[in-house]
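In what follows, a single structure is set out as structure tokens and then discussed.
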Amino acid sequence: MRLLFLGDVVGQSGRKIIEDTLRDFKTKYKIDFTVINGDNAAHGFGLTSGVCTDLFNAGADVITSGNHGYEAPEMENVFNTNPRVLRPANFPEGMPGSGCGFYTAQNGKKVGVLHLQGRVFMSPCEDPFRVAKNWVENFKLGENVDALIVDVHGEATSEKMALAQFLDGKVSFVVGTHTHIPTADVQILPNGTAYQTDAGMCGCFDSVIGMKKEEPIYRYLTCRKRMKYEPVKGDATVCGLYVETDDKTGLAVKVSMVRYGGRLQEALPKI
């Protein structure tokens, strides 16, 4: 199976390049299932129902979120009513929505997606290791599910890497989101789980993690807040992860970074 994950969409620039290119990319690389992290898609912070619709129309099968998921009040209803939009599974009990789901890919295979949030340098939430352990104990890769995908929305590289090592051999791939910078550690772990510490962002890199430069620089220089962060409306780069899995085991047999558009050096899967 061919799986695609796209990192945090930031503002209008990120949405536009996905809307303009994703369908063709999926056709060219024969993608069976696509997950997009949309945590910054609505003017740089969170999601809206309209943005979710746009990302689904562009080719997303599932949208994950993160710490900004509830920024727009309307998202409580979206999380409650649309099982293809996920908030972190280790948020406190009773929060609107779900943090995991099972879906049918283009090729008819069953795909599970688990969305987690880290606890290091992040707002308090439940233990992601415990939640992940319970999930993989109930759904066996290669037996009652064909692929398992884990999005870890977190600050600490060590926490994301530890979760990936913890889940090695039990899921198809673990990918980090939230920091917006693509890491160069794409790999397949010893027991067959593909991994990247952070997928990067779908947004304009002539920025500070997708935002106009002036306000972040001002805050670093003065320790003061002057205005709200604003996403840049410039040429965007799509950043993500491409994974091929074994049809029998569901484990990764190939993994590649995805980068195209904008100012970053291009990286595309070789098929």
Side-chain angles (χ1 to χ4, degrees), residues 4-18 21-22 25 35-47 55 63-69 88 115-123 128 149-165 173-187 189 194-220 229-243 255-269:
L4 178 66
F5 183 95
L6 298 184
D8 309 49
V9 180
V10 182
Q12 184 182 64
S13 297
R15 299 197 310 271
K16 185 176 187 305
I17 192 169
I18 288 173
T21 66
L22 181 56
F25 184 95
V35 180
I36 298 178
N37 184 286
D39 198 46
N40 300 95
H43 203 63
F45 296 93
L47 288 156
L55 292 176
I63 299 170
T64 54
S65 54
N67 56 306
H68 293 300
H115 187 23
L116 299 170
Q117 182 165 301
R119 295 195 294 180
V120 180
F121 310 128
M122 302 286 285
S123 298
I149 296 168
V150 182
D151 171 2
V152 184
H153 202 73
E155 290 277 4
T157 56
S158 58
E159 186 176 27
K160 297 176 190 180
M161 295 181 81
L163 273 162
Q165 297 287 1
F173 71 85
V174 176
V175 62
T177 56
H178 181 63
T179 64
H180 294 200
I181 305 300
T183 56
D185 60 338
V186 172
Q187 59 186 291
L189 299 174
Y195 174 67
Q196 184 178 8
T197 297
D198 201 287
M201 70 175 177
C202 297
C204 176
F205 279 85
D206 185 14
S207 66
V208 175
I209 60 171
M211 302 297 168
K212 292 180 180 179
K213 297 174 261 187
E214 293 77 12
E215 179 62 15
I217 292 171
Y218 176 84
R219 294 188 190 187
Y220 283 118
Y229 286 140
E230 293 283 337
V232 173
K233 295 180 180 178
D235 291 336
T237 302
V238 168
C239 292
L241 187 69
Y242 167 91
V243 178
V255 60
S256 301
M257 288 186 290
V258 173
R259 287 196 309 270
Y260 64 84
R263 64 196 295 175
L264 297 193
Q265 184 176 10
E266 186 174 84
L268 294 171

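When all heavy atoms are compared, the tightest approach of His115 to Asp151 is ND1-O, 3.3 Å. Between Gly14 and Val9, the closest heavy-atom pair is C-CG1, 3.6 Å. Across every non-hydrogen atom of Pro128 and Glu159, the tightest pair is CG-OE2, 4.1 Å.
The side-chain hydrogen bond (donor to acceptor under 3.5 Å, both in side chains) check on Thr21 picks up Tyr260, with sequence neighbours excluded. With sequence neighbours excluded, the residues satisfying side-chain hydrogen bond (donor to acceptor under 3.5 Å, both in side chains) with Glu155 are His178. For Tyr242, the side-chain hydrogen bond (donor to acceptor under 3.5 Å, both in side chains) partners are Arg2, Glu244, not counting sequence neighbours. Residues satisfying the side-chain hydrogen bond (donor to acceptor under 3.5 Å, both in side chains) criterion with Thr183, sequence neighbours excluded, are Asp185. By the side chain to side chain contact (heavy atoms under 4.5 Å, CB included) test, Met161 is found to be paired with Tyr195, Thr197, residues two or more places apart in sequence or in another chain being considered. Under the salt bridge (charged side-chain N to carboxylate O under 4.0 Å, His left out) criterion, Glu230 pairs with no residue, sequence neighbours left out. Under the side chain to side chain contact (heavy atoms under 4.5 Å, CB included) criterion, Pro231 pairs with Val10, His43, Met211, not counting sequence neighbours. Among residues two or more places apart in sequence or in another chain, the ring-ring contact (aromatic ring centres under 6.0 Å, His included) test is passed with His68 by Phe45. Checked against salt bridge (charged side-chain N to carboxylate O under 4.0 Å, His left out), Arg259 has no partners two or more places apart in sequence or in another chain. Listed by chain and residue number, nothing satisfies the salt bridge (charged side-chain N to carboxylate O under 4.0 Å, His left out) test with Lys212 (two or more places apart in sequence, or in another chain).
Under the 3.5 Å distance criterion, the side-chain polar atoms of His153 are left unmatched by any main-chain donor or acceptor of Gly66. When atom types are taken as modelled, the side chain of Arg15 and the backbone of Ala41 share a donor-acceptor pair closer than 3.5 angstrom. Remark: side-chain polar atoms of Asp39 are not paired, donor with acceptor, to backbone N or O of Thr64 under 3.5 angstrom. For the pair Asn37 (side chain) and Ser65 (backbone), a donor-acceptor distance under 3.5 Å is present. Of the possible polar contacts, one joining the Lys160 side chain to the Gly154 backbone as a donor-acceptor pair under 3.5 Å is found.
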Evaluate the criterion side chain to side chain contact (heavy atoms under 4.5 Å, CB included) for residue pair Leu268 and Phe25; output intermediate values, then yes/no. CA-CA 10 Å; Leu268 294 171; Phe25 184 95; 4.0 Å; yes
Side chain to side chain contact (heavy atoms under 4.5 Å, CB included) for Leu6 and Leu22? Distances and angles first, verdict last. CA-CA 10 Å; Leu6 298 184; Leu22 181 56; 4.1 Å; yes
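The distance from the CD1 atom of Ile36 to the CG atom of Leu55 is 5.0 Å, given to the nearest 0.5 Å.
Looking only at side-chain heavy atoms (C-beta outward), Asp206 and Lys213 come within less than 4.5 Å of each other. Side-chain contact between Leu47 and Ile63 is present, with heavy atoms from C-beta onward closer than 4.5 Å. Considering only heavy atoms from C-beta on, Tyr229 stays 4.5 Å or farther from Val208 through its side chain.
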Validation: residues 233-241 side-chain donor-acceptor distances under 3.5 Å, sequence neighbours left out:
from   : atom 1 : to     : atom 2 : distance (Å)
Thr237 : OG1    : Gly261 : O      : 2.8

